[in-house]
Amino acid sequence: VAQGVLSYTVGGSAPALARGKPLRDVMARNAPVVGTEPGEGQKVKLVNQLLCGVHVAVAAEALAYAEALGLDAGATWEVLRHGAAASFMLDDRGARMIDNPDNEIRSAVDIFVKDMGLVTQAARANAYPTPLASAAEQLYLAGRRAGLGRADDSSLIQILRGTATASI
């Protein structure tokens, strides 16, 4: 029997959720129910992607800023990842922003171009301001324009360093 490794959120009526449970159990490591209406899981996903996209963008900005101040980005990252500014995205992407010699691609810039576009589009549809998501979206678009669309999203730091090169 296969073991699921996905994580996703679901919403729906109790009978619909019961019918889908066997499939979710096989496909997903984690599938919390977030509401009773179809589409509520997707809304939670939008909120999640807003946070993830902004976290990656601000991690790139912070580490590039550290370098601009003459600090060692790796040493600064080590301090930040164990303090109040810690986050999964800083820990994971920050490591690759500092040292990704093989240009390993775990999550492409283009994925966040898409996701941040979905976030800002849904926000506009609800007349809700998302200034940080909008700024992050522009940074991802700059990455795509610089030829980094298929590069790992940690390469976003190159935009802020002014060293963007597509080397895939």
Side-chain angles (χ1 to χ4, degrees), residues 3-9 27-32 41-126 128-168:
Q3 181 74 27
V5 294
L6 296 173
S7 291
Y8 55 91
T9 56
M27 290 179 53
R29 172 184 62 221
N30 185 26
Q42 182 60 35
K43 290 175 183 176
V44 171
K45 172 74 171 175
L46 288 170
V47 174
N48 181 77
Q49 291 313 99
L50 183 154
L51 282 166
C52 290
V54 170
H55 281 187
V56 172
V58 78
E61 184 173 344
L63 294 174
Y65 181 52
E67 292 170 349
L69 292 173
L71 296 169
D72 177 87
T76 302
W77 171 74
E78 279 293 339
V79 171
L80 297 175
R81 67 190 282 252
H82 296 292
S87 74
F88 171 82
M89 292 307 220
L90 174 64
D91 199 49
D92 182 69
R93 299 324 198 270
R96 295 199 311 269
M97 288 175 189
I98 293 162
D99 186 29
N100 189 7
D102 300 325
N103 295 318
E104 179 184 4
I105 301 167
R106 294 190 194 166
S107 176
V109 168
D110 276 344
I111 293 171
F112 272 116
V113 169
K114 172 192 64 77
D115 286 349
M116 296 310 286
L118 292 170
V119 167
T120 57
Q121 179 183 13
R124 279 190 303 278
N126 288 285
Y128 188 82
T130 52
L132 299 178
S134 297
E137 179 185 24
Q138 293 302 306
L139 193 54
Y140 290 108
L141 287 167
R144 173 187 275 174
R145 185 171 186 167
L148 299 172
R150 296 187 61 187
D152 189 74
D153 57 29
S154 64
S155 69
L156 199 63
I157 195 169
Q158 294 177 28
I159 298 299
L160 295 156
R161 286 175 174 154
T163 62
T165 57
S167 58
I168 305 178

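For this chain, numbers begin at 1 and follow the sequence in order.
In this structure the side chain of V58 never reaches within 4.5 angstrom of the side chain of L132, judged on heavy atoms. Side-chain contact check for V54 versus M89: every heavy-atom pair is 4.5 Å or farther apart.
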Using the side chain to side chain contact (heavy atoms under 4.5 Å, CB included) rule, take L90 and M97 through it: C-alpha gap first, then chi angles, then the decisive distance, then the call.
-> CA-CA 9 Å; L90 174 64; M97 288 175 189; over 6 Å; no
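Interatomic distance, R124 CZ to S134 OG, rounded to the nearest 0.5 Å: 7.0 Å. A distance of 8.0 Å separates CD1 in I157 from OG1 in T163, rounded to the nearest 0.5 Å. Going from atom CG of D152 over to atom CD1 of I111 covers 9.5 Å, rounded to the nearest 0.5 Å.
Remark: the backbone N or O of A59 is not paired with any side-chain donor or acceptor of W77 at under 3.5 angstrom. Put simply, the side chain of N126 gets close to the backbone of A122: a donor and an acceptor are under 3.5 Å apart.
In this structure A62 satisfies the side chain to side chain contact (heavy atoms under 4.5 Å, CB included) test with no other residue, sequence neighbours excluded. Every residue two or more places apart in sequence or in another chain that forms a side chain to side chain contact (heavy atoms under 4.5 Å, CB included) with D72 is listed here: A75. With sequence neighbours left out, the side chain to side chain contact (heavy atoms under 4.5 Å, CB included) criterion links N30 to S7, P32. Here Y65 pairs with L69 under the side chain to side chain contact (heavy atoms under 4.5 Å, CB included) rule; sequence neighbours left out.
In plain terms, the two heavy atoms of I159 and A146 that are nearest each other are CD1-CB, 3.7 Å. In plain terms, the two heavy atoms of A164 and L148 that are nearest each other are CB-CD1, 4.1 Å. For L63 against G94, the heavy-atom pair with the smallest separation is CD1-CA, 3.8 Å. Residues A57 and A136 share a closest heavy-atom pair of CB-CB, 3.9 Å.
Within the structure, salt bridge (Lys or Arg N to Asp or Glu O under 4.0 Å) pairs that include any residue of residues 134-149 comprise D110-R144 (at least two apart or interchain). The salt bridge (Lys or Arg N to Asp or Glu O under 4.0 Å) analysis of residues 76-94, with sequence neighbours excluded, yields the pairs E78-R81, R81-D91, D92-R96, D92-R106, R93-D153. Residue pairs meeting the salt bridge (Lys or Arg N to Asp or Glu O under 4.0 Å) criterion with at least one partner in residues 48-69, sequence neighbours excluded, are E67-R161. Counting only residues at least two apart or on different chains, the ring-ring contact (aromatic ring centres under 6.0 Å, His included) pairs with a member in residues 130-163 are F112-Y140.
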Tell me which donor-acceptor pairs under 3.5 Å the side chains of residues 41-50 have, and how far apart each pair is, sequence neighbours excluded?
from, atom 1, to, atom 2, distance (Å)
Q49, NE2, D115, OD2, 2.6

